[in-house]
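Within every chain, numbering begins at 1; the chains are lettered A, B, ... in the order of the sequence lines, protein sequences first and strands thereafter.
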Amino acid sequence: MLDKQYDAKKYEDGIYKMWEESGAFKADVNSEKEAFTISMPPPNATGTLHLGHAVMLALEDIMIRHRRMKGYEALYLPGTDHAAIATENVVIRKIKEEKKIKDPRTLGREAVIQEIKDFVANSQNTIRSQVRKMGTSCDWSRERYTMDEMLNRCVNEVFVKMYKDGLIYRGHRIVNWDPNLKTNVSDDEMDYVEKKDSFYWFKYGPFTIGTVRPETKFGDKYVVVHPDDERYQQYEHGETFECEWINGPITATIIKDKAADPEFGTGAMTITPWHSAVDFEIAERHNLDKEQIIDLEGNLLSVADEFAGMPITEAREKIVEKLDKKGLLVKVEENYVHKVAINSRGKGMIEPQIREQWFIDVNKKVVQWKGVTRSLKEVMQEVVRSEEIKILPERFDKIYFNWIDNLRDWCISRQIWWGHQIPVWYKTEGDSTDMHVGVQAPEGEGWERDPDTLDTWFSSGSWTWSTLIDPNLADDYSLSLEDMLENSPDFQKFHPTQVLETGYDILFFWVARMILMTTYTVGTIPFDTVYLHGLIRTREGKKMSKSDPKTCIDPLEVIEKYGADALRMSMVIGSSPGNDSRLYDEKIKGYRNFTNKLWNASRFVLGIFEENGIAEAPKLDLKNLSDADQWILDKLNKVVVETDNSLMEYKIGEAGQLLYDFVWNEFCDWYLELSKGEKQNLGVLYHCLKTILILLHPITPFVTEQIWSQLPGAEGMLIQADFPTPLEGQFDGSAVELTIGIVSAIRSMRAENQIEAAQKIPVTIFAYDHFETVDRNKPDIIRLARLSALSLYGTDEEKKLSGAAADVVNGMEIYIPLEGLVDTEKEKERLQKEIANLTKYIAGLTGKLSNKKFVQNAPEAIVEAEKNKLEEAEEKLGKMEEQLKNL
RNA sequence: GGGCGCUUAGCUCAGUUGGUUAGAGCGUCUGGUUUACACCCAGAAGGUCAUAGGUUCGACUCCUAUAGCGCCCACCA
């Protein structure tokens, strides 16, 4: 027999093992069934599972299990990401700490990469076991890693293809350089933090210019003003003047450009094109010189003369001091608040630098899409605009388009070691340098590979399809990319994928890049639907940060305490796509209570089967059904349909809520209670429990599977059961609706009246003795159930027997006081309110029916139904007015 | 500066073609050891659906404005 309380810990690991070993997660590429594929967004192979992963895994697993049970060939492909900068950063820091090596890069590329590989292998194992803990039913036999040989091959193939199409180019551009990590980062990887600094005003010839960064000003020889700025009307564009500057006299040139903001300070500024993106653009526009002031380590170069070699942080004060001595310092504003750019990985300050980098041209029109030659940007827009790809929630369409509109060329090279090395080789002989761009290294001596690696999103952008190519083809270079796709059954069967489920925070990083890479390379969309989940926040609505264990909930601890099912439910119910949700202990506990409720209801039902010696599934006889049976089957049919619809539309939370309510408030609270003391219909009980287990299985896979294993006659594992369809036939639940109405009414009566009242009602009421203990201060009216139920229920004699309640008329909801049990004044008040409401309702209905648009457009049956409703309501109103008079 | 949201019970949140009396969980209060479950059962209180206009027979829902909160992007010499 089952324990009195469900102890998730006791069962979950064993169940997972059983599923995995049975092969239930494995998708069959030769299956005739329609494919349904989800590529798991690969967690970074750097650490441990956090709540973001947990919500992702819960949602995806629900979708997959549902489709698998519905008879799709469901593939849920797991994997991990090498997370270039993030991982290298972590390992470099680790080496520093553990081996006390100041600059681990002195160990050399090979050694550092080996360290990273070891670290990654270790993290991957952690991640794998944690993904299992969530109950994730992914196909481990197809697990991939962004650094797999095949994925590396794909990366190279895409790079070469793009290069040949002229989409990849190399150029000198200003990049976001991180002197700490010694790499550049993409625009999207930057964060801005507020900082207080001093703001200095210096004399610059006849101008006064402001800056927070005097240390960059050595090479400034252009002063920019707005062309319409009246203060500087007397100067011509291109005019030069001599002036004294940090290290002596210079010749400065006046530039008129709209980039200068006349509202800001004096309206005049000097520019440092090498170290500022805006200044760089101004310089490009006017063909100005660009000079490097700061090296890649963050130290001043020889242009700084006496300050050369000094770290910028140190130099600032000394430069100001010098300028002050020269009488060029006008004033200093303390505590000037501005924002500075930092690298979101590693939090190092960003120092813009001009560097030679590889870029993807997003505007060049060379991509064939639907018979039109378009740019990458245009294809990205087109697939979403045409709804080939649907984004949930829809409003993210706008955000997506807005981002694309502002998209600039994508800088894909990174100066780090960990990642896919750029497939470009150089050979220098004398003055000339040969360049080879290819999937493989060129033949011959003297070639050196580009040391840079690719942005991590370049490889994960190909995730949906590169993971489906047969890995055995990786070193067969006689095959082109097209050949490989064609010769990979998995790709043929499972691509495009159906859903890409991920957090909205990586819509641009990743989702957009996948669309770009896949449409370009494969010629299809990567997925039909993008489901974006929100952030999980604390109870107070704050972001959970890893560094603060007080605010941060660890999914593994939750699983340990309440079970994976409870965690899954708590992350899915009460949240909708795109919206952040809050998670806290009581919430999870509430859903743990639900798993226990289900457990105990099952225990009760299984106990009944045991008493009746049931070893096989009892037959469901739809001919002899009690009122309660009819009612629950009617409800169950509706729940089956609605759950399925909600899940098909990816309204996961809605499905969860529906099932929660049905199981607890209908199946347990009414059906099981009513069945006590009655002769139970074993067939119906069995059918209900079985259906409930199947319906709930996608959401709470463990507890349902465990109960399933105890269900007599249940074949195989629940994970492989068929999703239910509604039973044929109509079930009339009105009798129980009435019962519920009456019971509720009686329950809310004064205790001493309850038994008397109950006895007057000819309905099966399950336990009279409950009524003795109800609160004594309750309103003393009997609220009878809906008339629609009454009219259908019971014999005439029974209706008569209901004594004071006999005033029940067809088709109306009615409230009747039981003689002597009721407070006349209160009843009057209530009736008046009812009449007011009803009047309003009638007005509404009348309006609706007089609305031409409604009458013309709505299906006839609905219009007819509305007319009937109106008639009923008018009749009822009459009765109530009559009743009020009689009081 | 450009864009996107949110505001519903004490708290956390659901709520789509506009339609009867706006729902749930938690919390609070009342009563209950009822053999499936105290991780439970029965009940109660609690709402001008942010505010003001508009459209409509009818608005939580559609439109406009305002306020507060938040997010994304750009910029900050």
(request) On RNA chain B, check which nucleotide each of Asn402(A) and Phe594(A) is closest to and give me the residue with the more 5' one. (result) Asn402(A)
(message) Can you list everything that forms a side-chain contact (heavy atoms from CB on, under 4.5 Å) with Asp261(A)? Sequence neighbours excluded, please.
(response) Glu263(A), Phe264(A)
(request) Could I get the full list of ring pair (Phe, Tyr, Trp, His ring centres under 6.0 Å) partners for Phe396(A), not counting sequence neighbours? (result) Tyr504(A)
Just the atom pairs and distances: protein N or O near nucleotides 12-14 of chain B's N or O, under 3.5 Å.
unit_1	atom_1	unit_2	atom_2	d
U12(B)	OP1	Arg582(A)	NH1	3.1
U12(B)	O4'	Tyr584(A)	OH	3.3
U12(B)	O3'	Arg582(A)	NE	3.3
U12(B)	O2'	Tyr584(A)	OH	3.1
C13(B)	OP1	Arg582(A)	NE	2.8
C13(B)	OP2	Arg582(A)	NE	3.4
C13(B)	O3'	Gly574(A)	O	3.3
C13(B)	O2'	Gly574(A)	O	2.8
A14(B)	OP1	Ser576(A)	OG	3.3

(request) State which residues pass ring pair (Phe, Tyr, Trp, His ring centres under 6.0 Å) with Trp410(A); sequence neighbours excluded, sorted by chain then number. (result) none
(request) For Trp274(A), enumerate each residue passing the ring pair (Phe, Tyr, Trp, His ring centres under 6.0 Å) test, keeping only those at least two apart in sequence or located in another chain. (result) none
(request) Taking only the side-chain heavy atoms of Asn600(A) (C-beta and beyond), determine which of A36(B), A24(B), C76(B) contains the nearest atom. (result) A36(B)
(message) Does the plane of the ring in Tyr232(A) sit parallel, tilted or perpendicular to the ring in Phe207(A)? Use 30° and 60° as the thresholds.
(response) tilted
(request) Check if the side chain of Lys597(A) and the base of C37(B) share a donor-acceptor pair of N or O atoms closer than 3.5 Å. (result) yes
(message) At 4.0 Å (heavy atoms only), tell me whether Gly590(A) reaches a base, stays on the sugar-phosphate, or touches nothing.
(response) nothing
(request) Considering just the side-chain nitrogens and oxygens of Trp664(A), establish if one lies under 4.0 Å of OP1 or OP2 belonging to C41(B). (result) yes
(message) Does a side-chain N or O of Lys4(A) approach OP1 or OP2 of C40(B) to a distance below 4.0 Å, or not?
(response) no
(request) State the dot-bracket string of RNA chain B. Criteria: Watson-Crick or G-U wobble, both atom distances under 3.5 angstrom; notation: ( ) intrastrand, [ ] crossing earlier pairs, | interstrand, . unpaired. (result) (((((((..((((.....[...)))).(((((.......))))).....(((((..]....))))))))))))....
(request) Between G2(B), G25(B), G5(B), spot the one nearest the side chain of Tyr660(A), thanks. (result) G25(B)
(message) Can you say whether a donor on the side chain of Arg592(A) sits under 3.5 Å from an acceptor on the base of C39(B), or the other way round?
(response) yes
(request) With the side chain of Phe604(A) defined as its heavy atoms from C-beta on, choose the nearest nucleotide among A36(B), C37(B), G2(B). (result) A36(B)
(request) Measure from the side-chain heavy atoms of Met269(A) and tell me the nearest of A77(B), C39(B), G5(B). (result) A77(B)
(message) If I take atom NZ in residue Lys398(A) and atom P in nucleotide G2(B), what distance separates them, rounded to the nearest angstrom?
(response) 17 Å
